[in-house]
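Here the structure comes first, spelled out in structure tokens, and everything after it is commentary.
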Amino acid sequence: MTHDVIIVGAGIVGAACANELSRRGMSVAVVDREWIGGGATAAGMGHIVVMDDSEAQFALTRYSQQLWQKLRAELPDDVEYEQTGTIWVAADEEEMVEVRRKRDYYRQRGVPVEELDADSLKRFEPNLRDGLAGGLRVPEDAVLYPPCAARFLMERAQQSGAKLYLDSGVTQIGGGYVRFADGVQMQAQFIVNAAGASAGDLTPGVEIRKRKGHLVITDRYAGFLRHQLVELGYLKSAHSVTSDSVAFNVQPRRTGQILIGSSRQYGAEHKEVDHDILARMVRRAEEYMPGLRAMSAIRCWTGFRAATPDKLPLIGPWPSDPSLWLATGHEGLGITTSLGTARILADQITGAAPEIPIEPYLPSRMTLWQTLKEPANA
Ligand SMILES: Cc1cc2nc3c(=O)[nH]c(=O)nc-3n(C[C@H](O)[C@H](O)[C@H](O)COP(=O)(O)OP(=O)(O)OC[C@H]3O[C@@H](n4cnc5c(N)ncnc54)[C@H](O)[C@@H]3O)c2cc1C
């Protein structure tokens, strides 16, 4: 079987790439060992968020958020896209300094934001505890339900002619071929590794570490929460590469349920819920919103983010194999950045001019990481 492009991975990134490439007239096949959105996509929180760890992270998250806004009218109801906005919650005056830095950074780049003092924070979210210093409201941030968003993107790809092969575990890719566990192989000019946290198993040399996360969902408590609320300390948690961390990060679902996150762990490769870290995460959420203590949790689960050393995704050609392309390494932002990833991957494959600079995401930068690891006298 021959296609222009074979995408390995039917998560939200693979689905978005399939949609973009098939709409540009390429013949596309998507293969997955499980089902659509069954990996990190099903485990993710679905916060569509602009972030500013680096200019490159900002560019991709903002670009992608605007692509979600453009797609909004076409999203089916079950994608549950809601422009709830985010409030970055500042616990004290030290964190208010960060609020103001973030406010200025976003404003300079055209992102609407609103600085909140303690009273206005309480007016927006009355169930936060007393005594918090304020926050930053980012009204264009949104939430959605990732598995349905992935399914929607895949269906659009299929309407444009893409073929989908589920229950199809891939053992090897490269040299223009995809080989399956049963020995069958498929051929394509371009093979896209969109296997999320497993991308490194298929392309040795791709530096992806699994970063485990836990989430809890409550029963329905309509009106308790309005925005996605994230403590500013979340940034410290997301940056820590040495220790397990938890942060207050809660999301209102359209159903009235509250999604409670989040944790980050390296070196924990098993899927099972870790009760210690789960308890720490829930305690942290209760510190910020004491009313959560009285609520029933109905399910908790884990998932694996695909983390790269520099916290940016890998989008583009793999230097040592002209047929092989990467669309992976999105860590905690792959739901947000799936649409931007698909655009810039398709731009590179079709020779179109990208709308944002692509250099920070190119996999060729991994050569630099390798060089940095070499001993100085080598
Ligand atoms: C707890 C948690 C919270 C998160 N919250 C957010 C959030 O709020 N906002 C946000 O933007 N992002 C969030 N993320 C990150 C987001 O979920 C991921 O970045 C995103 O889902 C990655 O999508 P993907 O398609 O690259 O990977 P995946 O969804 O993991 O898809 C990869 C697919 O590849 C398939 N596959 C792998 N190996 C093979 C093989 N050998 N053969 C065939 N198929 C294979 C898998 O079955 C899987 O379906 C969160 C993640 C976690 C874990």
Side-chain angles (χ1 to χ4, degrees), residues 7 9-24 28 30 32 35-51 59-86 111-112 138-162 164 166 194 196 215 217 220 222 225-228 230 249-259 261 303 313 315 327 330 332-347 355-356:
I7 298 170
I12 197 159
V13 171
C17 292
N19 177 44
E20 194 62 44
L21 287 161
S22 53
R23 287 166 84 85
R24 294 189 194 197
V28 175
V30 183
D32 198 294
W35 59 90
I36 302 169
T41 298
M45 220 179 183
H47 185 200
I48 305 298
V49 57
V50 175
M51 296 281 285
L60 188 59
T61 52
R62 180 64 172 155
Y63 178 48
S64 299
Q65 184 184 69
Q66 290 173 328
L67 293 173
W68 280 113
Q69 286 168 353
K70 284 186 194 142
L71 199 56
R72 182 180 186 168
E74 293 171 58
L75 296 174
D77 221 39
D78 63 4
V79 173
E80 296 182 9
Y81 183 98
E82 302 274 353
Q83 197 175 307
T84 57
T86 303
V111 180
V138 188
E140 290 192 4
D141 285 353
V143 306
L144 54 69
Y145 184 52
C148 289
R151 194 220 57 231
F152 163 75
L153 292 167
M154 192 63 78
E155 281 172 2
R156 274 172 51 117
Q158 289 174 284
Q159 283 155 15
S160 304
L164 175 64
L166 299 178
L215 292 176
I217 193 151
R220 297 171 185 230
L225 176 68
R226 299 162 190 173
H227 296 78
Q228 177 109 14
V230 193
N249 183 356
V250 292
Q251 178 180 99
R253 303 296 322 161
R254 186 183 285 175
T255 52
Q257 291 169 286
I258 296 160
L259 192 49
I315 310 166
H330 297 80
L333 287 169
I335 310 298
T336 303
T337 55
S338 53
L339 298 187
T341 296
R343 283 285 183 103
I344 61 182
L345 183 88
D347 289 340
E355 290 175 308
I356 61 169

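Side-chain atoms are counted along with the backbone in the values below, which use heavy atoms only and exclude waters and symmetry mates. Along the sequence shown, residues are numbered consecutively beginning with 1.
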side-chain hydrogen bond (donor to acceptor under 3.5 Å, both in side chains) involving T86 - partner list, sequence neighbours excluded: H47, D141
Listed partners of Q257 passing side-chain hydrogen bond (donor to acceptor under 3.5 Å, both in side chains), at least two apart: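 Scan of Q257 (side-chain hydrogen bond (donor to acceptor under 3.5 Å, both in side chains), adjacent residues dropped) gives T255.
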Find out whether [X] and [Y] are in side-chain contact, i.e. whether some heavy atom of one side chain is under 4.5 Å from a heavy atom of the other.
X    : Y    : answer
E74  : R156 : yes
I258 : R253 : no
L259 : V250 : no
D347 : R24  : yes
R254 : D77  : yes
N249 : Q228 : yes
F152 : L71  : yes

Atom [atom1] of [X] and atom [atom2] of [Y]: how far apart are they, to the nearest 0.5 Å?
X    : Y    : atom1 : atom2 : answer
L345 : I315 : CG    : CD1   : 7.5 Å
M45  : T336 : CE    : OG1   : 11.5 Å
I344 : Y63  : CD1   : OH    : 7.5 Å
S338 : L67  : OG    : CG    : 9.0 Å
R23  : L21  : CZ    : CG    : 12.0 Å
H330 : S64  : NE2   : OG    : 8.0 Å

Partners passing salt bridge (charged side-chain N to carboxylate O under 4.0 Å, His left out) against R226 (at least two apart in sequence or in another chain):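 Scan of R226 (salt bridge (charged side-chain N to carboxylate O under 4.0 Å, His left out), adjacent residues dropped) gives none.
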Test salt bridge (charged side-chain N to carboxylate O under 4.0 Å, His left out) applied to R151 - qualifying residues, sequence neighbours left out: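 R151: salt bridge (charged side-chain N to carboxylate O under 4.0 Å, His left out) contacts with D78, E155.
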Do you know which two heavy atoms are closest between [X] and [Y], and how far apart they sit?
X    : Y    : value
A194 : V13  : CB-CG1, 4.5 Å
L166 : I36  : CD2-N, 4.2 Å
V143 : P252 : CG2-O, 4.0 Å
P147 : A42  : CG-CA, 4.0 Å
P313 : L60  : CG-CD2, 3.6 Å
A10  : L164 : CB-CD1, 4.4 Å

Exceeds 12 heavy-atom contacts within 6.0 angstrom, atom OH of Y145: no
Non-neighbouring partners of A15 that pass side chain to side chain contact (heavy atoms under 4.5 Å, CB included), sequence neighbours left out: L153, M154
Verdict with supporting geometry, L144 and W68, side chain to side chain contact (heavy atoms under 4.5 Å, CB included): CA-CA 10 Å; L144 54 69; W68 280 113; 3.7 Å; yes
Derivation and outcome, side chain to side chain contact (heavy atoms under 4.5 Å, CB included), residues T61 and V49: CA-CA 7 Å; T61 52; V49 57; 5.9 Å; no
Sequence neighbours excluded, every pair satisfying salt bridge (charged side-chain N to carboxylate O under 4.0 Å, His left out) that has a member inside residues 62-72: R62-E140
